[in-house]
Amino acid sequence: MIFLRRQMPLLITMITGLIFAAQYYVPHPASEQLLTSATKWLQIIGGFALVLGVTSLFHVHAAKIRRKEAGWGYSVVLYAGMLGTMAVGWWANGKESVEGVSTAFGWVYNFMMVPLQGTMFAILAFFIASAAYRSFRARSREAAVLLIAAVIVMMGRVPLGEYLVPISGDISQWILNVLNASVRRAILIGVSLGAVALSFKIIFGVERSYLGGGKE
Amino acid sequence: MLKKSANCVPCLRRSASRRQVALKASSTYPRGYASALHSLRPCWMVFLNILMLIVVCGVSSAIVLAEDQLVAPTNLQAFDTPNDGGESLTVNWAPSPLDSPDARYQVLLGDAGAIDAASLKVIAEFPAQTRLVKDLKGPWWTKTAERNWHQFVIRNGKGVELKDGTAYTVTVAVLKGEERTVGPLLRATPAPNWFNWNSVNNLVLTLLFGGVVFYSIAQAKRREIFLRRIPGLDAVDEAIGRATELGKPILYLTGAHDMHDPSTIAAAVILGRVAKRTAAYETELLVPHRDPITMAVCQEITKQAYLEAGKPDLFKEDSNFFITSDQFSYTAAVDGIMLRKKPAANFFMGSYFAEALLLTETGASTGAIQIAGTDSDHQLPFFVTTCDYTLIGEELYAASAYLSREPVQLGTLRGQDIGKALILSVIGIGVLLATLGVVTQAAWPQYFLDFFKDVK
Amino acid sequence: MSFAERMLNIDRRIIFVVIGLCTLLPLLYPVGLPIKISQEVRGVYDHIESLPEHSVVLLSLDFDPASKPELYPQAVAILRHAFKKNLRVIAMTLWVSGTGMADELLTKVATESGKQRGADYVFLGWSPGGTAVIINMGQDLYNAFPSDYGGKPTKGQPVLEGVNSLKDVTYAVSLSAGNPGVEAWYVFGKDKYKFELGGGCTGVIAPGLYPLLRSGQLNGLIGGLRGAAEYESLIGEKGRAVAGMDAQSATHVAIIVLVALCNIFYFSLRRQARQQGSQS
Amino acid sequence: MDVTIIGAWVATGLTLFIFSFLYKDNPLFKLAENLYVGVSVGYTIVKTYDTVIVYLIWKPIVENQEWTLLIPVAIGLLMLTRYVPKAAWLSRYAFAFIVGVGAGLAIPRTVSSFILKQIEDTVRPLLVLVPGDGVTFSWNLMNPASSVNVIIVLIGVSSVLFYFFFSVEHSGPGKAVARMGVLFLMIAFGAAFGYTVMARMSLLIGRLTDLIEYSDPAYGRPTLWLALVTIGTLIALSRRSRSEPPDSH
């Protein structure tokens with residue numbers, strides 16, 4: 001039983017990991033067919049994973065409503081929004097438009113989801129402005145360099161900046177293309193080494209936090 | 001494995017094509033040359049063959065020079081394209097001194113039984129000075145001909161339908177003005193391959209790096225591994241000291257992700273260190289959470305830290321508390337805590353999204369010392385400008401490994417360091433060699449450089 | 001409390017109003033400053049310009065409404081360009097919440113360009129799995145998307161004639177707001193299936209894509225609203241992005257002024273503190 | 001058309017509710033925020049059902065008898081055992097499969113695209129061969145491939161890589177290299193900062209463009225009316241809270 005619970009999943013990870021890492025080097029059609037099937041499976045499993053991800057929300061808010069915790073009314077709003085969207089969604093067969101004509105589902109999407117999600121991030125513009133005034137200080141030489149580079153790029157990326165200081169466009173291009181690219185490249189290499197090391201550790205069972213469920 | 005895969009089908013084709021070339025070329029070319037025709041040969045043989053081809057090529061061009069009229073493509077070879085999934089053939093032939101801008105080559109293809117060039121179909125036509133081996137991508141160890149030779153790869157597409165295991169007749173014709181001469185008819189069979197030698201460098205480097213990581217982890221389990229001190233940790237101590245002086249609390253956030261994320265784990269490890277200090281200095285610690293499981297884990301860590309500091313009585317269960325999983329509501333609540341309690345030090349460890357700026361800005365306005373550590377690169381600029389000290393990217397993991405002394409973490413870090421050292425030296429040596437290559441016009445630096453290229 | 005301190009402690013809602021006005025006024029009263037075209041954007045434009053008629057272009061709209069203001073104008077501009085060049089367009093998305101927007105966008109631009117769904121373009125819709133979808137399309141497009149957004153089988157649609165997998169796509173452009181996006185299209189797509197790849201992205205992730213641009217892994221990059229404005233000027237159809245450039249200019253200048261003020265006050269405070277320190 | 005007008009009113013109202021967070025965290029904002037989470041979860045569920053269950057599973061099985069697709073379905077169902085405490089360990093099989101395939105797919109591809117490709121482009125000759133001029137060193141800063149830029153990229157990549165090197169103490173010459181790395185990092189962060197500001201401002205521009213469009217009389221000027229309603233509510237709410245304990249913000 002312990003084997004089935006503990007070792008078996010690790011074995012599955014190891015075998016699938018090794019197979020699909022090796023697949024990369026094998027051009028034979030049989031190996032390509034394997035890749036085709038596996039990615040198709042991943043697509044389907046991905047759908048289940050998505051459902052799993054959102055259902056934890058069900059629990060949290062259902063508990064809130066049941067216990068009448070502070071702000072449970074908002075949880076009711078959340079539930080109403082979710083169930084309402086699902087109802088119109090299934091009624092419209094999951095399509096926002098049919099032959100170019102918007103359905104009720106499309107209406108919910110266009111007039112509720114789009115403005116809500118868009119505005120959530122638009123408010124950040126205001127906070128950046130206020131932080132620019134209150135906290136973006138050159139408190140060290142590093143921060144000073146950062147702010148100067150930021151100001152140049154901000155100037156160089158808008159027509160007014162290029163109009164006022166014509167060379168700012170070229171300098172910001174150079175910063176992005178050369179200085180920024182070199183740093184990002186080093187970071188990319190470092191992060192990739194980390195990712196490859198992590199993948200190796202996962203395949204060989206050294207890293208198992210993904211299995212979850214505590215230390216059983 | 002590889003040799004075995006070159007069994008029956010390629011062998012058949014090999015003997016067939018060898019016969020074809022031998023018929024036409026037996027008088028002019030050395031016999032050993034025919035061995036260059038098979039497709040699935042190991043790399044070292046390819047290399048030998050190339051050396052031989054250099055010799056052959058010199059001989060043949062000297063002979064062609066002596067003649068005046070249009071000569072059929074010489075040293076023509078056709079074989080299964082190596083390192084691919086099949087359904088493809090490759091044709092190589094030697095350059096000719098008549099390769100002028102007005103001359104053209106045609107590639108012809110037909111069934112295995114064809115004995116007459118007229119029954120073959122023209123599948124490609126191009127100027128004589130194009131389609132050279134040197135213009136093609138691919139590392140030197142899989143090249144099937146000299147750099148200045150011609151190469152054409154026949155693939156399935158318009159009018160071409162190659163089937164694996166079926167033999168085909170292939171040849172090349174040369175055209176100049178009205179004249180047209182057809183080369184010898186060769187036979188070749190496409191077949192799928194079991195290994196792509198073009199990416200063998202990828203495989204070797206990947207295995208090497210994997211080996212290094214596991215070796216370092218094993219080393220770390222056996223003995224102490226040196227890790228340089230992370231300056232950010234000094235800043236942590238300093239901030240706690242100041243909070244004690246001022247008699248104000250310390251605020252510690254563990255980020256947006258749950259316990260599955262390495263950044264949250266690192267944040268929890270550093271929390272252990274911070275809690276130990278706050279216990280020693282008897283400073284109040286506040287840890288608001290976004291994830292109940294992370295909260296439970298952090299509660300344990302804090303308790304342990306107070307125990308280790310010898311002050312278990314000071315530990316408060318509610319110093320770790322859950323607010324809400326919702327991004328902006330959480331942010332508003334934490335901002336509220338900052339404004340009301342005015343902590344002397346704020347710690348932002350772990351992963352953050354758009355809420356980062358809202359948090360650090362409020363913290364800065366209350367005059368707290370702020371220390372951040374995150375791998376969320378898109379938020380790093382904001383942390384750097386609004387915080388007094390920032391652990392950048394991998395430094396967060398390094399700080400956590402430094403504190404926890406956990407062999408797997410330390411070993412991985414060391415393994416990655418070796419990987420980086422290797423890359424740094426490859427870049428250094430590579431640039432030197434590449435520059436030498438330009439200055440001396442030599443081709444040999446390429447033998448080193450190709451190994452660190454992505455050449456498929 | 002000194003002047004600098006008082007100034008630094010003003011209610012931040014005053015700043016909110018300033019930034020709101022800096023955005024609103026140029027939108028209401030535009031000036032129309034000229035926009036310079038950068039090499040990165042030209043890379044994408046020139047490549048589409050060079051494609052022969054009926055080439056297959058894949059447009060992956062990997063963003064959600066949160067990034068609509070930046071990426072929607074990019075998508076409109078590229079689509080208009082592709083339709084003008086009579087290219088065949090395969091559109092899709094890897095982001096579930098972007099599906100409806102992508103559909104609306106395609107329908108709108110196709111209608112104004114007089115293009116037929118199924119004949120000139122197809123919208124494959126969304127499919128879960130992220131990178132797995134890209135690989136699966138590279139192996140067999142009909143396996144990854146057995147039917148298009150409207151539920152019609154993909155096999156047999158005239159627009160997909162001769163297209164079996166990503167190998168048959170001439171040019172792919174991913175407009176992305178994160179992951180999966182441009183990087184995934186390179187690693188799991190172009191790396192193996194060898195189509196040419198261009199990118200469009202939000203300002204937040206653009207600087208991170210420059211190493212890929214430098215190494216030629218991407219042949220062009222449209223960054224943010226500014227990139228969209230450049231593309232709109234290139235195809236000569238000025239839209240939302242160009243209209244937004246004046247507001248963008250004003251807000252940038254406002255932010256620069258705010259940063260400058262912040263530092264002036266900060267340094268004057270520091271000097272004051274130092275003077276007080278030396279006096280006492 | 002009527003539906004669009006109602007839509008304009010709803011969209012405007014929700015936009016303004018969220019903007020009200022700028023004044024302070026308030027019930028209108030919380031209402032809009034929770035509605036947003038609810039609607040997007042509902043949307044995801046509908047889309048997943050439609051795409052996965054209907055088009056990727058049901059139709060291929062019923063129409064083409066692709067019975068092998070039941071395997072991923074089984075794996076997917078295993079994942080859902082997380083909610084049954086006794087059988088939760090079964091979900092490990094599903095995660096083991098996904099994570100295993102993911103790790104396997106990632107290793108060679110990451111090495112190829114993000115390590116080898118990046119090394120390849122960094123390793124460039126410091127001198128260029130110009131036909132006619134021979135070997136030259138090009139000083140043009142604006143050409144990303146010029147010799148001087150190649151050297152700068154080389155310095156940047158090496159010093160930043162060295163900065164994230166933890167096995168060696170940053171002292172002596174190492175300190176100078178690490179400092180150089182930090183400077184490069186800060187410039188890159190500055191560029192990212194500038195770009196992020198640009199992005200956030202663009203989002204605001206986008207939203208305000210919509211609000212301006214909705215202030216049109218054709219829609220009945222929802223922007224104007226709803227702005228008044230929102231402000232009125234905020235005033236009323238702050239009056240009420242003033243009589244209660246002080247606010248947290």
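In what follows, chains carry the letters A, B, and so on, assigned in the order in which the sequence lines appear, proteins first and then strands, with residues in each chain numbered from 1.
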Considering all heavy atoms of both residues, which atom of [X] and which atom of [Y] are nearest to each other, and what is their separation?
| X | Y | answer |
| --- | --- | --- |
| D/Gly190 | A/Ala149 | CA-CB, 4.0 Å |
| D/Arg207 | A/Ala122 | CG-CB, 3.5 Å |
| A/Gly47 | D/Thr48 | O-CG2, 3.5 Å |
| A/Gly94 | D/Asp50 | O-OD2, 4.0 Å |
| D/Ala96 | A/Thr16 | O-OG1, 4.1 Å |
| D/Leu141 | A/Trp174 | O-CD1, 3.2 Å |

Report yes if some heavy atom in the side chain of [X] is under 4.5 Å from a heavy atom in the side chain of [Y]; otherwise report no.
| X | Y | result |
| --- | --- | --- |
| D/Leu105 | A/Tyr24 | no |
| A/Met154 | D/Met198 | no |
| A/Ile128 | D/Met201 | yes |
| D/Phe95 | A/Pro9 | no |
| D/Ile6 | A/Trp107 | yes |
| D/Ile152 | A/Leu179 | yes |
| A/Phe111 | D/Trp9 | no |
| A/Val108 | D/Tyr43 | no |

Do you know which of [options] has the most heavy-atom pairs under 4.5 Å to chain D?
| options | value |
| --- | --- |
| A/Tyr109, A/Tyr79, A/Phe127 | A/Tyr109 |
| A/Met120, A/Met155, A/Lys95, A/Met112 | A/Met120 |
| A/Met8, A/Gln173, A/Met14 | A/Met8 |
| A/Leu78, A/Val145, A/Asn180 | A/Leu78 |
| A/Val196, A/Ile203, A/Leu52 | A/Leu52 |
| A/Leu4, A/Val88, A/Ile171, A/Leu176 | A/Leu4 |

Which portion of [X] sits near chain A, non-hydrogen atoms under 4.5 angstrom:
| X | value |
| --- | --- |
| D/Val54 | neither |
| D/Leu78 | neither |
| D/Ser40 | both |
| D/Tyr55 | side chain |
| D/Phe165 | neither |
| D/Ala191 | both |
| D/Ser159 | neither |

[X], part contacting chain D, at a heavy-atom distance under 4.5 Å:
| X | value |
| --- | --- |
| A/Gln117 | both |
| A/Val77 | both |
| A/Asn93 | backbone |
| A/Ile44 | both |
| A/Ile45 | both |
| A/Ile148 | neither |
| A/Ala92 | neither |
| A/Ile189 | both |

Quick check on the interface: out of [options], who has the most heavy-atom pairs with chain A under 4.5 Å?
| options | answer |
| --- | --- |
| D/Tyr83, D/Phe17, D/Phe97, D/Phe29 | D/Tyr83 |
| D/Val52, D/Asp210, D/Val153 | D/Val153 |
| D/Ile115, D/Thr110, D/Leu56, D/Asn149 | D/Asn149 |
| D/Gly156, D/Gly13, D/Gly76 | D/Gly76 |
| D/Ser202, D/Ser112, D/Ala8, D/Gly100 | D/Gly100 |
| D/Val99, D/Ile119, D/Thr196 | D/Val99 |

- D/Arg92 (side chain) donor-acceptor with A/Arg5 (main chain) under 3.5 angstrom: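 A pair under 3.5 Å: yes.
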- Task: For the pair D/Leu203 and A/Leu124, evaluate side chain to side chain contact (heavy atoms under 4.5 Å, CB included) and give the outcome as yes or no after the intermediate values.
- Result: CA-CA 9 Å; D/Leu203 296 190; A/Leu124 292 170; over 6 Å; no
- Query: Has A/Ile167 got more than 12 heavy atoms of other residues, nucleotides or ligands less than 6.0 Å from its CD1?
  - Reply: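 Count not over threshold, so no.
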- Task: Report, as yes or no, whether the 6.0 Å neighbourhood of atom CZ on A/Arg139 holds more than 12 heavy atoms from other residues, nucleotides or ligands.
- Result: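 Result for CZ/A/Arg139: enclosed.
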- N-O pairing of A/Glu96 and D/Lys47 below 4.0 Å: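 Here A/Glu96 pairs with D/Lys47 in a salt bridge, since their nearest N and O are under 4.0 Å apart.
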Approximate separation, where rounding is to 0.5 Å, of [X] [atom1] and [Y] [atom2]:
| X | Y | atom1 | atom2 | result |
| --- | --- | --- | --- | --- |
| A/Phe48 | D/Leu80 | CZ | CG | 6.5 Å |
| A/Phe121 | D/Arg200 | CZ | CZ | 7.0 Å |
| D/Tyr93 | A/Thr13 | OH | OG1 | 11.0 Å |
| A/Leu146 | D/Leu183 | CG | CG | 11.0 Å |
| D/Ile57 | A/Gln43 | CD1 | CD | 11.0 Å |
| D/Leu185 | A/Arg184 | CG | CZ | 9.5 Å |

- Message: Going by side chain to side chain contact (heavy atoms under 4.5 Å, CB included), A/Thr85 matches just one of D/Val39, D/Ile45, D/Val41. Which one?
- Response: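 Testing A/Thr85 for a side chain to side chain contact (heavy atoms under 4.5 Å, CB included) against D/Val39, D/Ile45, D/Val41 leaves exactly one candidate, D/Val39.
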- Could you go step by step and tell me if A/His61 and D/Asn34 meet the side chain to side chain contact (heavy atoms under 4.5 Å, CB included) rule? CA-CA 11 Å; A/His61 289 276; D/Asn34 281 281; 4.2 Å; yes
- Message: Can you confirm whether or not the ring centre of A/Trp90 sits under 6.0 Å from the ring centre of D/Tyr49?
- Response: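 Yes, they do, as the ring centres are separated by less than 6.0 Å.
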- Message: For A/Leu50 and D/Thr44: C-alpha separation, side-chain torsions, deciding distance, then whether side chain to side chain contact (heavy atoms under 4.5 Å, CB included) applies.
- Response: CA-CA 8 Å; A/Leu50 216 53; D/Thr44 307; 3.7 Å; yes
